[in-house]
Amino acid sequence: MGDYQYVIHLGHALPPNIIRIISGNFRVRRRDFSDVIIIEVENGPTVLFSAIYYEPRPELLSRARDALSNFIKLGINPFIAYSLPYKFYAQEIAETLNAPIAPGPITGCFINFPIPSTVLFIGSGYFYPLTFKLLKPQTTVYLFDVFRGVVENVDNVYRRYLAMKVKAIQDFNSARSVGIVISRKPGQYRPDLIEALVNRLRRLGKEFVIIDLNEVSPDYVNNLPVDAVVNTACPRIGIDDLDRFMKPVVNAGDVLKSNALDLSNLLVW
């Protein structure tokens, strides 16, 4: 970062989980200006984080109202959540449905409000809406992509990930040799988990080796000379990427639980 005087980031203004990572790695001074946040890094650049939103288009809003008309007919009053680019669409849809809206966007695995019983997520892809299911499985979560005009209950997708997760845990239980993978990626470096994991694997009678990687990816993991891998980096690796790994990958939280098949919160570290 020392090669640049200024860095401009367009996208998320600055989620609380990201500022914690930045503050943990650099000494910074922060200034807030509505949807623009400026971070001055000591002996480094000045970084400007600017939020960017989709501007609501009338034809897409009309399609959204048609697609979501069943919510009104059935008397469903969902809690509106969204990823940041869809903020203005979420506000319009919340007004149409007369529904409560989240105080801010969700980013990655970070949700800064209590998870309600029914969520209508405005965005695209399954990553964000699945976060609600992974943290609170009993929640009903609908995904609505304004550009495709499609409403979808993500339960079937969640169950597919759940099946892969259960299989990975069962295969790990049968594994003889295990690799404990440490990631050097900022925000995912968790050496504090090693001692507890080593003690746990010893009690389970497993052979183990500690593996230091810059990134936990299938390219590295699939070639490791072990039967199974314990991931200490982002817990989404041991969920979202399971169909990309050729050997069982479980998260540190899965191993350290008293019951590895307790699936009430799959994002526990």
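A salt bridge between E207 and R176 is present, with a side-chain N of the basic residue lying under 4.0 Å from a carboxylate O of the acidic one. Remark: K165 engages D254 in a salt bridge, criterion side-chain N to carboxylate O under 4.0 Å. With salt bridges taken as basic N to acidic carboxylate O contacts below 4.0 Å, none links D241 and R236. At a threshold of 4.0 Å, the pair E40-R31 counts as salt-bridged, since one of the basic side-chain nitrogens sits closer than that to a carboxylate oxygen.
No hydrogens or angles considered: a donor-acceptor pair under 3.5 Å links the side chains of Y53 and D35. With 3.5 Å as the limit, one finds a donor-acceptor pair spanning the side chains of Y126 and E152. R190 and S183 are not linked by any side-chain donor-acceptor pair at a separation below 3.5 angstrom, with hydrogens and angles left out of the test.
Checking V230, V255, D227, V226 one by one against V178, the side-chain contact (heavy atoms from CB on, under 4.5 Å) holds for a single residue, V230.
The backbone N or O of F245 lies less than 3.5 Å from no partner atom in the side chain of N222, so there is not a single donor-acceptor pair. Within the 3.5 Å criterion, the main-chain N or O of A233 finds a donor-acceptor partner in the side chain of N231. S69 places a side-chain N or O within donor-acceptor distance of the main-chain N or O of D66, the cut-off being under 3.5 Å. Between the side chain of K257 and the main chain of D262, a donor-acceptor pair closer than 3.5 Å is present. With K206 contributing its side chain and F172 its backbone, the two residues share a donor-acceptor pair below 3.5 Å. The backbone N or O of Y158 lies less than 3.5 Å from no partner atom in the side chain of K133, so there is not a single donor-acceptor pair. At distances below 3.5 Å, at least one donor-acceptor pair connects side-chain atoms of S23 with backbone N or O atoms of I19.
Residues F113 and F79 bring their aromatic ring centres within 6.0 Å.
Residues T46 and I39 fail the side-chain proximity criterion, which asks for heavy atoms closer than 4.5 Å.
Note: Y86 and F147 have perpendicular aromatic rings, judged against thresholds of 30 and 60 degrees for the angle between ring planes. Below 30°, between 30° and 60°, or above 60°: for Y142 and F71 the angle between ring planes is above 60°, a perpendicular geometry.
Enclosure of atom CD in E59 by more than 12 non-hydrogen atoms of other residues, nucleotides or ligands within 6.0 angstrom is indicated.
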